[in-house]
Amino acid sequence: MSIQDLLVHEFSVAVAAVAGVPVATADAQVRPAGDPKFGDYQCNVAMSLARTLKSKPRDVAQRIKDAVEPQLADIAEPLEIAGPGFINIRLKDGLLAQYLGEIPAPLSEPGAQATGSLAAGGTAQEQWHPGVAWPLTDRVGLSPVEQPQRVVVEYSQPNIAKQMHVGHLRSTIIGDVLARVLAFEGHEVVRQNHIGDWGTQMGAVILGLWYIRARVGRGASLDAVRALQERLRKLSDAPVEARREALQPICSEWSEDLQDQSLDALSGVAVTLEQLELGYVFVQTLVTVAEGTGATVTNRDRTEERLEDIPRKVTRMLQAGDVYERTEWQKARDISLAYCQGIYGPLGVLLTAEDVRGESFYSLGGNNDRRDRLQEVLQGLHEKFGATGGSPREGTGVRGEVRDHEGAVVVYLYNDKGEPLFKNPDGEELGMIVQKSDGAYLYATTDLAAIRFRLKELRFLSGGVGAQRVIYVTDARQKLHFEMFFACARAAGWITDAVRVEHVTFGSVLGGDRRPLKTREGGTVKLRELLDEAEKRALELLQQRAAAAEERRDEKDDTADRSVGEEEQREIARRVGIAAVKYADLRNDRNSDYVFDWDKMLALTGNTAPYMMYAYARIRSIYRKAAERIGSPDVYAPGVTLALGHPAERALALRLARLRETIDAVAADLTPHVLCTYLYDLAADFMRFYESCPVLAAADDASRLSRMRLCDLAARTLRLGLGLLGIEVIERM
RNA sequence: GCGCCCGUAGCUCAGCAGGAUAGAGCACCGGAUUUCUAAUCCGGCGGUCGCAGGUUCGAAUCCUGCCGGGCGCGCCA
């Protein structure tokens, strides 16, 4: 329980007594104080209560004060009534010291970079909650929730047709934080990487791979294909005749390749990510250019096939279980996923191969139990809604209908007045397509299959089955899709009131021009390149700082050697660079767009990752110095108490004591930026403390041990908080 | 046309379960270092909270309308 929870509880009891209402309905309006001079927390309820009680606000405040004060004897200084009727609460220093004093020493782990090594021999060790998903050994005294929930967090969702780019960055980073925070709170979290591996783009991927290898098999280079693609791309707006003419040689070539059985051997050849991407882009370009030209290729069975229809046909064949398509698909998927893991690792994201459960999983052959859950969705929808429309699902007031529209299978949803829930720009009812006219499935179908699976079949670590909460982390532009899909699943009775299903949205990453971030050439920014650049820029920065520090030391005749080895510097640069990128993404409210700016995110001052990492490194430095000068005292020994006489000590202590309410808020509202703000405030509070309160040179032993303990608590809190953000700290910078 | 998000200091953003004089950072100006990393700290400058109504003891916060920006609206995800 947080300190705020404690105050809320005590004040609620008092307010209930004064107002004559049940405690459960009494909102005591206890908030952190708006200004430090008003204390630490404040209760604002007296003003609004005065009206219903027909008395003066200050009198009401006095009655609440009288009722609650005895309960707060050990918690707060005498309450002050101020202004129109605010009740200002200042926590006793003793309460803060006691609250923080109860935080046990961290588990010491040999070899780990735990601050716990300080506490060797400490007895009050903590138990880590077994449901947690990553090796975090220090809970900083926070206990897990008593009633854990089974939670699914779906995030990242790369598409295997393309390598990961900035478009995947926010979902991956934000989703990872939410998974970590909820797991830390004690919930059972299952991460689901719902990769795009079964949709319309797969036809183009498979076709592209075939085409590329056929050309390479005939001696062409990838560059030649790339040049051809570039030439075609420029034709996309050209008149039909020009496009038809340009396509002519490609179509003949293609037809020839199709007849040449010797090329079939190429399907055994391994593919590269480069081929995959180029092939995909090439086919997409080809289709765009072929649109309306009537260009055809000759199939093996001598039939003519329209160019732009081929990818769709291949997708359909894949989904129908054709062996060739299936094999190629597997190759493309393997190579693309391996690449994704190559990003997740350095990026410090928890996702592993185990978390991958893509669209294909729900299709026949995508899993081990030979069930086609996409087909089951279709059947289910027909049963629930039927062709003539079912009755409104109880409680939702929403009625669904499954109808055929131009050959596609479409779900329409109506409210209790029979009005369509969704409309298109012409004001007509807007349906959700669950099966295309060519028989292929779409994302709506896989999403429906996935939610059914997660709520009914997904098995959790504890043995429990079915999620109680499902969180989708995707960009805000998909909002309408999620509204439709949720409404449909509710109307079908698949999502019940017993479960919580949320779409966690976020804004776009913009470039300096306020347009979606692109490379200078106008292409998408690859995540791989982004991370490399982050490390490179961080390294340059570190080298500059090191040189500047060297100069200063020469001036001061400081002979201390603070230089780090090249390898350590690289590792520091790597962590700082990645941290900067992640923190910049997380620090603002999710829903707003943010401008990607290297200089700002790598700045050493202000609300940035480097600033907080520096604060951590400074604390660790104190401990290194302590080891040199006075050995390593056990700051968690029973005799050590926290003294908070200096304002900076007290401010730091108060901040530390607010960790619980902060993490609770982040978990409740799914708002990582609230944690960022907290950590920045904590780092700033520590910096002020550092400036005004000598630690190792403190006046006496008791004060030194107290301050060393505060330092360690600050370090542990920073390490935990940054860890929840997926950011690794460093021992020195 | 309809729907969603956004509009707060020169810039980037917090604050929005209604609460006291609207807060940070950057930039700018001034100051602090015999001491644990100056990658720091302290002070100053800077705001009709897009506009207009309404609800309220009290509105950046809630409601309505308008203005400006972004996004979305059937066989892509």
Side-chain angles (χ1 to χ4, degrees), chain A residues 27 29 31 33-35 37-38 42 44-45 47-48 50-51 57 82-86 88 157 159 194 196 199-201 312 359 405-410 422-428 430-438 440 442-444 446-447 474-481 483-484 505 507-508 510 514 541-542 544-545 548-549 552-553 556 560 562 587-589 591-595 597 599-600 603-608 610-611 613-615 617-626 629 673-674 676-677 680-681 684 687-688 690-698 707 711 732-733:
Chain A
D27 177 7
Q29 297 187 36
R31 314 276 140 81
D35 187 315
K37 75 177 180 231
F38 299 135
Q42 61 184 52
N44 302 334
V45 80
M47 284 83 78
S48 51
R51 170 178 283 270
F86 297 102
N88 292 334
Q157 309 116 325
N159 189 309
H194 191 75
T200 311
Q201 80 287 4
R312 273 195 288 273
E359 297 172 337
H405 180 81
E406 295 174 7
V409 182
V410 186
F422 303 98
K423 292 179 183 171
N424 69 16
D426 298 327
E428 298 156 354
L430 176 68
M432 186 169 73
I433 299 175
V434 289
Q435 187 169 27
K436 301 204 288 186
S437 49
D438 63 12
L442 311 94
Y443 58 112
T446 46
D447 275 338
T474 84
D475 70 294
R477 291 176 305 194
Q478 293 190 42
K479 202 171 191 320
L480 179 63
H481 162 65
E483 278 173 13
M484 293 178 80
T505 57
S508 311
L510 307 179
R514 287 238 146 224
L541 211 65
L542 288 168
Q544 276 172 27
R545 297 308 316 179
R552 262 200 315 278
R553 273 201 301 280
K556 284 171 32 179
R562 296 205 185 81
R587 59 169 283 197
N588 295 135
D589 180 82
N591 276 320
S592 47
D593 296 344
Y594 84 96
V595 178
D597 183 335
D599 293 336
K600 274 193 174 135
L604 308 156
T605 56
N607 190 359
T608 65
Y611 176 83
M613 296 170 97
Y614 176 60
R618 264 185 141 179
I619 302 175
R620 302 303 299 138
S621 175
I622 291 175
Y623 269 88
R624 282 193 298 273
K625 271 285 178 337
R629 295 183 192 173
H673 81 281
V674 170
C676 292
T677 304
Y680 174 65
D681 288 339
M687 293 290 197
R688 282 188 277 271
Y690 183 93
E691 294 289 327
S692 50
C693 300
V695 177
L696 299 181
R707 286 177 179 175
C711 283
R732 46 185 195 167
M733 276 175 90

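Every heavy atom of this structure was used, including side-chain atoms; hydrogens, water molecules and symmetry mates were not. Chain naming here is simple, since letters A, B, ... match the order of the sequence lines and numbering starts at 1 in each.
With B:G19, B:U37, B:C76 as the candidates, the nucleotide lying closest to the side chain of A:S621 is B:U37. Distance from the side chain of A:K479 is smallest to B:C4 among B:C4, B:C76, B:G1. In the set B:G19, B:G74, B:G72, B:G19 carries the atom at the smallest distance from any side-chain atom of A:Q42. Relative to the side chain of A:T200, the nucleotides B:C36, B:C13, B:A77 differ in distance, and B:A77 lies closest. With B:A77, B:U37, B:G19 as the choices, the nucleotide that has an atom nearest any side-chain atom of A:Q29 turns out to be B:G19. Considering only side-chain atoms of A:A617, the nucleotide from B:U37, B:A77, B:C36 that sits closest is B:U37. Among B:A20, B:U35, B:C76, the nucleotide with an atom closest to any side-chain atom of A:A82 is B:A20. Closest to the side chain of A:R477, from the set B:G1, B:G72, B:A39, is B:G72. The side chain of A:H673 sits closest to B:G15 out of B:C76, B:A38, B:G15. Side-chain atoms of A:R31 lie closest to B:A17 of the nucleotides B:A14, B:A17, B:U21.
Where A:S692 and A:G34 each meet RNA chain B at their nearest nucleotide, the meeting point lying more 5' is that of A:G34. Along RNA chain B, the nucleotide nearest to A:Y594 and the one nearest to A:G431 differ in position, and the one closer to the 5' end is contacted by A:Y594.
If you check every strand for non-hydrogen atoms under 4.0 Å, A:E428 touches nothing.
Atom CZ of A:R545 and atom CE of A:M733 lie 10.0 Å apart (nearest 0.5 Å). Of the inter-residue distances, the one linking A:L510 atom CG with A:D593 atom CG reads 4.5 Å to the nearest 0.5 angstrom.
Within the structure, every side-chain polar atom (N or O) of A:K423 is placed at least 4.0 Å from both OP1 and OP2 of B:G74.
A:H481 is linked by a ring pair (Phe, Tyr, Trp, His ring centres under 6.0 Å) to A:Y443, A:F485, counting only residues two or more places apart in sequence or in another chain. By the side-chain hydrogen bond (donor to acceptor under 3.5 Å, both in side chains) test, A:T608 pairs with no residue at all, sequence neighbours left out. Shown here are the side-chain hydrogen bond (donor to acceptor under 3.5 Å, both in side chains) partners of A:Y680, two or more places apart in sequence or in another chain: there are none.
The heavy-atom pair separating A:R587 from A:C676 by the smallest distance is CA-SG, 3.8 Å.
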Summary of protein contacts for nucleotides 40-45 of chain B, nucleotide by nucleotide, where a base hit scores B, a sugar-phosphate-only hit scores S (4.0 Å, heavy atoms): BSS---

Sequence-aligned protein contact record of nucleotides 6-11 of chain B, with B where the base is within under 4.0 Å of a protein heavy atom and S where only the sugar-phosphate is: -----S

Per-nucleotide pairing state of RNA chain B [Watson-Crick or G-U, under 3.5 Å; [ ] pseudoknot-crossing; | other strand]: (((((((..((((.....[...)))).(((((.......))))).....(((((..]....))))))))))))....

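With contacts defined as side-chain heavy-atom distances shorter than 4.5 Å, the pair A:M687/A:Y614 qualifies.
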